[in-house]
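To start, the structure itself, in structure tokens.
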Amino acid sequence: QVQLVESGGGLVQAGGSLKLSCAASGRTFSSYVMGWFRQAPGKEREFVAAINWSGGSTYYAASVKGRCTISRDVAKGTVYLQMNSLKPEDTAVYYCAADREATMSRYTHRYDYWGQGTQVTVSS
């Protein structure tokens, strides 16, 4: 079992930055693919980024590539999402997720565990 708790969301002006954190508990965390997703009001949950178990491979949605960086600290059991050059369209609840499979995926159904989410609001 893995429990995930996100933090770091907030209100920021367009062009600003935020760094989200996801604290994971569970002894098998280090072997899981970790992902970040987001969901805006009235929209489906969408993929943002994923990272493999070692942190050596990453995968980004086209909408955030070049502006976001996903990383993980296995020793601390934490995954991060650094977001720069934020836009109003980045406003959403951001979720951390864990996937027991070895390969990264952009599909929500692949992920086995989810956090409660953290709100990110970007003002214009």
Side-chain angles (χ1 to χ4, degrees):
Q1 189 78 6
V2 174
Q3 293 183 325
L4 306 172
V5 179
E6 302 95 335
S7 62
L11 174 63
V12 63
Q13 289 188 331
S17 299
L18 278 176
K19 186 173 185 177
L20 307 183
S21 299
C22 172
S25 61
R27 57 184 178 180
T28 56
F29 160 77
S30 60
S31 65
Y32 289 6
V33 164
M34 299 298 296
W36 284 98
F37 290 76
R38 66 186 182 186
Q39 188 167 18
K43 295 188 177 181
E44 292 187 353
R45 192 167 298 188
E46 65 174 6
F47 171 75
V48 176
I51 189 166
N52 74 337
W53 69 272
S54 69
S57 293
T58 56
Y59 176 32
Y60 295 96
S63 58
V64 304
K65 195 169 185 179
R67 299 189 297 121
C68 292
T69 302
I70 187 171
S71 61
R72 69 191 297 167
D73 186 328
V74 175
K76 293 184 178 180
T78 304
V79 178
Y80 304 98
L81 184 69
Q82 176 68 47
M83 303 187 294
N84 302 321
S85 302
L86 284 162
K87 306 174 183 179
E89 50 264 45
D90 294 318
T91 295
V93 177
Y94 283 70
Y95 297 91
C96 175
D99 179 4
R100 290 176 291 186
E101 298 291 330
T103 55
M104 295 179 288
S105 172
R106 64 184 298 114
Y107 300 108
T108 57
H109 70 264
R110 275 279 306 272
Y111 289 79
D112 305 287
Y113 304 101
W114 292 84
Q116 293 300 306
T118 185
Q119 176 71 47
V120 171
T121 303
V122 185
S123 63
S124 58

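Note that this is a predicted model, so its numbers are computed, not measured.
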Donor + acceptor pair across side chains of Arg72, Tyr80 (<3.5 Å): no

Minimal non-hydrogen separation, Thr91 against Gln119, with atom names: CG2-NE2, 4.0 Å

Criterion side-chain contact (heavy atoms from CB on, under 4.5 Å) on Val122 and Val120, from CA distance to verdict: CA-CA 7 Å; Val122 185; Val120 171; 4.2 Å; yes

Considering all heavy atoms, the nearest Met34-Ala98 contact: SD-CB, 3.6 Å

Straight-line distance of Ser57 OG to Ile51 CD1, nearest 0.5 Å: 8.5 Å

Nearest heavy atoms of Trp114 and Tyr111, plus distance in Å: NE1-O, 3.5 Å

From Ser124 atom OG to Lys87 atom NZ, the distance as rounded to the nearest 0.5 Å: 14.0 Å

Student check: side-chain heavy atoms of Thr103 and Val33 closer than 4.5 Å: no

Name of the residue among Tyr59, Tyr107, Tyr95 meeting ring-ring contact (aromatic ring centres under 6.0 Å, His included) with Phe47: Tyr59

Nearest non-hydrogen partners of Val79 and Trp36, listed with the distance: CG1-NE1, 3.6 Å

Any Arg67 side-chain heavy atom under 4.5 Å of Asp90 side chain: yes

Set of residues satisfying side chain to side chain donor-acceptor pair (under 3.5 Å) with respect to Asp112, sequence neighbours excluded: Arg100

Residues Glu101, Arg110: salt bridge by 4.0 Å N-O rule: no

Closest non-hydrogen atom pair between Lys43 and Gln39, with its separation: O-NE2, 3.1 Å

Partners passing side chain to side chain donor-acceptor pair (under 3.5 Å) against Glu89 (at least two apart in sequence or in another chain): none

Heavy-atom donor-acceptor pair, Ser17 side chain to Asn84 backbone, under 3.5 Å: no

hydrophobic_cluster_shared for Ile70 and Val93, side chain cutoff 4.5 Å: no

Gap separating the OG1 atom of Thr69 from the NZ atom of Lys19, nearest 0.5 angstrom: 9.5 Å

Which residues share a ring pair (Phe, Tyr, Trp, His ring centres under 6.0 Å) with Tyr113, sequence neighbours left out: none

Audit row: Val64, Met83, side-chain contact (heavy atoms from CB on, under 4.5 Å) steps and yes/no: CA-CA 8 Å; Val64 304; Met83 303 187 294; over 6 Å; no

Between Asp73 and Thr78, a side-chain donor and acceptor under 3.5 Å: no

For Ala24 against Val2, the heavy-atom pair lying closest together: CB-CG1, 4.4 Å

CD-CZ distance between Glu44 and Arg38, expressed to the nearest 0.5 angstrom: 14.0 Å

Worked check of side-chain contact (heavy atoms from CB on, under 4.5 Å) between Val12 and Thr121: CA-CA 6 Å; Val12 63; Thr121 303; over 6 Å; no

Donor-acceptor contact present, side-chain Glu6 to main-chain Cys96, <3.5 Å: yes

Point-to-point distance, once rounded to the nearest 0.5 Å, from CZ of Phe37 to CG of Leu81: 12.0 Å

Reported CD-to-OG distance for the pair Gln116 and Ser7, which is rounded to 0.5 angstrom: 13.5 Å

